[in-house]
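For reference, the structure is listed below as structure tokens.
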Amino acid sequence: SYAAQPTLLSRKLSLNDLDDAGRARAVEAIKGGIDEAVELGCTRLAFLTGPDPGDDQRALALDLLADSLNQLCAYGAARGVTLILETFDREIDKKSIIGPSALAAEFAARIRADHANFGLLYDLSHMPLLFEDVQSSLFVLKDYIVHIHVGNGVVQAGAPGYGDLHPRFGFPGGSNDAPELTAFLKGLFDIGYLEEGVAGEKPWVGFEVKPFGDEDPDLILANTRRAWRQAWADLAV
């Protein structure tokens with residue numbers, strides 16, 4: 001089995017703020033997160049970008065984001081910390097600049113050219129929110145993925161659980177259950193991510209699910225195990 005190791009610290013701060021003072025504060029805050037990661041014995045810090053500013057200002061925002069990350073990757077490298085950018089939706093909930101997988105891969109190549117301690121995190125629950133599939137996500141991002149999340153998402157506006165709320169697998173109106181998880185795992189094998197021993201360590205896979213309303217947390221855990229075991233068994237068929 002694969003499980004996320006306890007060496008990941010997560011931070012959710014805007015890094016593409018078009019206001020220089022605001023961006024500087026975000027950079028300093030994440031530098032503080034890197035210092036905290038070192039203190040806690042974490043070797044990775046995950047974050048997401050700020051909101052997409054729209055077509056007219058996107059190129060500028062990406063340049064500013066790259067400048068911020070160049071500073072942070074250098075800071076992290078000196079302290080043994082890898083920076084991991086999680087991609088999010090652009091239209092439904094987080095509305096982040098990164099974002100669609102094609103853009104994420106292009107941006108990751110830009111940062112990775114100078115910083116080996118940078119990679120991407122992709123989440124199965126974000127796939128429907130990005131209107132993507134395995135081919136347009138995992139295969140596009142394969143050279144830059146260093147962490148994976150699995151979960152569920154609801155894309156029907158007005159439906160319970162709409163957005164990036166991580167309901168259980170098989171949630172009414174949700175996009176993901178065991179069949180989708182099976183296809184996702186197959187894609188991870190196809191791109192070589194789930195090959196044990198890659199990069200000298202087991203691959204990172206984390207689960208993001210939570211109760212909705214008055215759902216019993218223990219039942220949610222049991223449901224997650226059920227989906228994982230069923231997907232793994234179907235993968236072997």
Next on the checklist: Run F184 and L138 through side-chain contact (heavy atoms from CB on, under 4.5 Å) and show every step you take.
Outcome noted: CA-CA 8 Å; F184 191 68; L138 298 183; 3.7 Å; yes
Item to check | Test log, rule side-chain contact (heavy atoms from CB on, under 4.5 Å), inputs R23 and S68 | outcome: CA-CA 8 Å; R23 187 166 64 93; S68 297; 2.9 Å; yes
Item to check | CA sep, side-chain torsions, deciding dist, call: V154, L129, side-chain contact (heavy atoms from CB on, under 4.5 Å) | outcome: CA-CA 8 Å; V154 177; L129 304 180; over 6 Å; no
Item to check | Evaluation steps, side-chain contact (heavy atoms from CB on, under 4.5 Å), between I148 and V150 | outcome: CA-CA 7 Å; I148 286 293; V150 295; 4.3 Å; yes
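Screening D52, D164, D123 for a salt bridge (Lys or Arg N to Asp or Glu O under 4.0 Å) involving K94 leaves a single residue, D164.
For V81 against A37, the heavy-atom pair with the smallest separation is CG2-CB, 4.5 Å. Closest non-hydrogen pair, P167 versus V209, comes out as O-CG1, 4.0 Å. Considering every non-hydrogen atom in both G99 and A104, the closest pair reads O-CB, 4.4 Å. In this structure, V155 and P128 approach most closely via the heavy-atom pair CG1-O, 3.5 Å.
For the pair C73/I111, a side-chain contact is recorded, criterion being any heavy-atom separation below 4.5 Å from C-beta on. Residues W232 and L181 have side chains not in contact (no heavy-atom distance under 4.5 Å, counting atoms from C-beta outward).
Within a 6.0 Å sphere centred on NZ of K142, heavy atoms belonging to other residues, nucleotides or ligands number 12 at most. Annotation for E215: atom CD counts as buried by contact number, over 12 foreign heavy atoms lying within 6.0 Å.
In this structure a side-chain-to-backbone donor-acceptor pair under 3.5 Å is missing from S137 to S101. Between the N152 side chain and the R168 main chain, a donor and an acceptor come within less than 3.5 Å of each other. Remark: the backbone N or O of G151 is not paired with any side-chain donor or acceptor of H166 at under 3.5 angstrom. A donor-acceptor pair under 3.5 Å is absent between the side-chain atoms of H147 and the main chain of L120, judged by distance alone. A distance-only check finds a donor-acceptor pair linking the side chain of N176 to the backbone of L124 [under 3.5 Å].
Listed by chain and residue number, nothing satisfies the ring-ring contact (aromatic ring centres under 6.0 Å, His included) test with Y122 (two or more places apart in sequence, or in another chain). Residues satisfying the side-chain contact (heavy atoms from CB on, under 4.5 Å) test with F139, not counting sequence neighbours, are V134, Q135, D190, I191. D216 is linked by a side-chain contact (heavy atoms from CB on, under 4.5 Å) to D218, L219, counting only residues two or more places apart in sequence or in another chain. Residues meeting the side-chain contact (heavy atoms from CB on, under 4.5 Å) test with T82, sequence neighbours left out: R44, I84, N117. Residues forming a ring-ring contact (aromatic ring centres under 6.0 Å, His included) with Y162 (at least two apart in sequence, or on another chain): none.
Judged by the 6.0 Å distance and 45° axis criteria, R79 is positioned over the aromatic ring of Y75.
Under the salt bridge (Lys or Arg N to Asp or Glu O under 4.0 Å) criterion, the residue pairs touching residues 220-236 are D177-R226, with sequence neighbours excluded.
Linking ILVMFWY residues whenever their side-chain heavy atoms come closer than 4.5 Å, directly or via other members, places F207 and I145 in the same cluster. Note on M127: it clusters hydrophobically with L235, by side-chain heavy-atom contacts below 4.5 Å among ILVMFWY residues. Cluster annotation: L141 is connected to L194 through the hydrophobic network of ILVMFWY side chains, with a link wherever side-chain heavy atoms come within less than 4.5 Å. Under the 4.5 Å side-chain heavy-atom criterion for ILVMFWY residues, no single connected hydrophobic cluster contains both I97 and I92.
Distance check: E208 CD to S125 OG gives 6.0 Å after rounding to the nearest 0.5 Å.
No side-chain donor-acceptor contact under 3.5 Å links R90 and S96.
In this structure, F171 and F212 have perpendicular ring planes: the angle between them is above 60°, well past the 30° mark.
Using a 4.0 Å cut-off between a side-chain N of Lys or Arg and a carboxylate O of Asp or Glu, R25 and E28 do not qualify as a salt bridge. Taking the charged nitrogens against the carboxylate oxygens, R112 and D143 have no contact shorter than 4.0 Å, which rules out a salt bridge.
No close placement of the F169 and W228 rings is indicated, their centers lying 6.0 Å or farther apart.
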